[in-house]
**Q** 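Please find one structure pasted underneath; my questions will follow.
Order of the sequence lines sets the chain letters (A, B, ...), proteins ahead of strands, with each chain counted from 1.
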Protein chains: 2
Amino acid sequence: MLKILLADDHHLVRDGIKMFLESEADFKVIGEAKNGLEAVELNAELKPHLVLLDISMPEKNGIEAATEILQHKPIPKIIMLSMYLDEKYINTCMETGVHGYIHKGADKKELIEGVRKVMTGQNFYSKEVREVMVSNYINSLKQKKKNLTQQKVTITKREMEIVKLIMKGYSSVQIAEDLFISNRTVDTHRANLMQKLDVKNSIELINKVTELNLV
Amino acid sequence: MLKILLADDHHLVRDGIKMFLESEADFKVIGEAKNGLEAVELNAELKPHLVLLDISMPEKNGIEAATEILQHKPIPKIIMLSMYLDEKYINTCMETGVHGYIHKGADKKELIEGVRKVMTGQNFYSKEVREVMVSNYINSLKQKKKNLTQQKVTITKREMEIVKLIMKGYSSVQIAEDLFISNRTVDTHRANLMQKLDVKNSIELINKVTELNLV
DNA sequence: TTATGAGTAGGTAATAATACCTAGTTTTAA
DNA sequence: TTAAAACTAGGTATTATTACCTACTCATAA
């Protein structure tokens, strides 16, 4: 008998997946959580063999919950369930050390297959997740190439403050008053920023920092 | 026997809800669609009594699908299913004339209750949806007040062109060259814009048009 | 301890933007 | 067809920004 803890904030989805899992004779959902906090607590209390965690949940999301669960023995197998194929989510999950990641677009066969595979000690990622991982890998190669050509720029704390005020439409004098420095100092910072980012006026500066999301 | 068409792009969710519905003796899911296009086609083909449509789907979203389905007789009852309690979604759904809106955070009881209520010809919105509708109503009253104080501004085509170039960091001279007009004309447009939008420099101008999304 | 980077501030000039005008032509809507 | 709005462009002045400099202080890392 495989004891499963299921966490998902949407009741309909949770109960659906539960019915789904229990169509397998040897699966039993012994607990249900509607947020990450509950999941952590129920895991400690019920000590399930497997925890299925939805990623986007209130209180504590699936990733945070997984991180905590993995710190206390006995460690259950953990499979993340997600609505999204966002590479950020997938990458973060990889880093936390969960045992599987299944997209909600997967079908029953894949879900059951994934659960069984994870229980044998292997990792499992559903088909669509694997596809994202592959395309990510390819992108990361391209990105690496790009990073070589474009030397990285570092913006200091003070410059950051200045940029933020420039973005609010403040003039040098206003910024100077705000920061209790000379407007000439502000001009110097502004000029340094423009040089660093290779732009020729404040609007381009704003566009650039936004583009490189340094804000 | 109530014939139901179910549309949701996530297999696990779809099959879950299906099992869920069919736990009622007189409910029968006669078709499943994994996007809006399929939903429209299957509706025409199967002529179900009720269509459950997830809002966010590829190809054609739930709202677009609902709009089409409502144009061809026989018109089934339609209930939107949504992950989100976004007021925009809810409002748009209201406008399309669907018969119900159920949040996926609802439970089995509410789903079944909603289906039965809709089938009697009434509308149904799940508890959390009703809450959003109430708070929206209150907000709309506040908004109305705000709109009275802030008279609406209209930006002309030419001004729009100018703003877009300003946003790219172009100077008046560059803009003038781009549009084959005098830089003084550009200055006039810029000044008119700043006056209209009650700002005192180009950066604030950009922030304002972005905020009021006039771009 | 010294070199480096960050933060500060000023000089001088040129260029750009803003403020407040007038006023013509063209387009659009009443 | 006439009035209003949009687009055009200029005058004049003030203020702000940008370009290139130098140079001091302070903290921190080599």
**Q** Can you give one letter per nucleotide of nucleotides 8-24 of chain C, 5' to 3': B if a protein heavy atom sits under 4.0 Å from the base, S if only from the sugar-phosphate, - if neither?
**A** BBBBB----SBB-----

**Q** At what distance, to the nearest 0.5 angstrom, does CD1 of B/Ile206 lie from CE of B/Met167?
**A** 6.0 Å

**Q** What pairs of donor and acceptor atoms, side-chain ones from residues 174-182 of chain B against any protein atom, are under 3.5 angstrom apart with sequence neighbours left out?
**A**
residue  : atom : partner  : partner atom : Å
B/Gln174 : OE1  : B/Ser171 : N            : 3.0
B/Ser182 : OG   : B/Arg184 : N            : 2.9

**Q** Between A/His103 (side chain only) and A/Leu81 (backbone N and O only), is there a donor and an acceptor less than 3.5 Å apart?
**A**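 It does not hold such a pair.
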
**Q** Taking only N/O atoms, report every protein-nucleotides 25-30 of chain C pair under 3.5 Å with atom names and distance.
**A**
none

**Q** Please report, to 0.1 Å, the donor-acceptor pairs under 3.5 Å made by any side chain of residues 44-56 of chain B, with sequence neighbours excluded.
**A**
residue : atom : partner  : partner atom : Å
B/Lys47 : NZ   : B/Ala44  : O            : 3.1
B/His49 : ND1  : B/Lys3   : N            : 2.9
B/Asp54 : OD1  : B/Lys104 : NZ           : 3.3

**Q** How would you list all residue pairs meeting salt bridge (charged side-chain N to carboxylate O under 4.0 Å, His left out) that involve residues 60-76 of chain B, not counting sequence neighbours?
**A**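 Passing the test, one end in residues 60-76 of chain B: B/Lys60-B/Glu68.
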
**Q** Working to the nearest 0.5 angstrom, can you tell me the gap between B/Ile79 CD1 and B/Tyr101 OH?
**A**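 So the CD1 of B/Ile79 and the OH of B/Tyr101 are separated by 13.0 Å.
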
**Q** Just how far, in rounded Å, is P of D/dT17 from CD1 of A/Ile206?
**A**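 Rounding to the nearest Å, CD1 of A/Ile206 and P of D/dT17 are 11 Å apart.
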
**Q** For B/Asp198, which residues count as a side chain to side chain contact (heavy atoms under 4.5 Å, CB included) partner, sequence neighbours excluded?
**A**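 Partners of B/Asp198 by the side chain to side chain contact (heavy atoms under 4.5 Å, CB included) criterion come out as none, since no residue qualifies.
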
**Q** Side chains of A/Asn183 and A/Ser172: is there a donor and an acceptor less than 3.5 Å apart?
**A**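 Result is no, nothing qualifies.
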
**Q** Establish, with yes or no, whether the OP1 or OP2 oxygen of D/dA5 is under 4.0 angstrom from a side-chain nitrogen or oxygen of B/Thr156.
**A**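 Checking D/dA5 against B/Thr156, no side-chain N or O comes under 4.0 Å of OP1 or OP2.
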
**Q** Whole angstroms only, please: what is the CD-P distance between B/Glu159 and D/dA6?
**A**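 In whole Å, D/dA6 P and B/Glu159 CD are 7 Å from each other.
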
**Q** Measure from CG on B/Leu193 to P on D/dC7 and round the result to the nearest Å.
**A**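 So the two atoms are 10 Å apart, to the nearest Å.
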
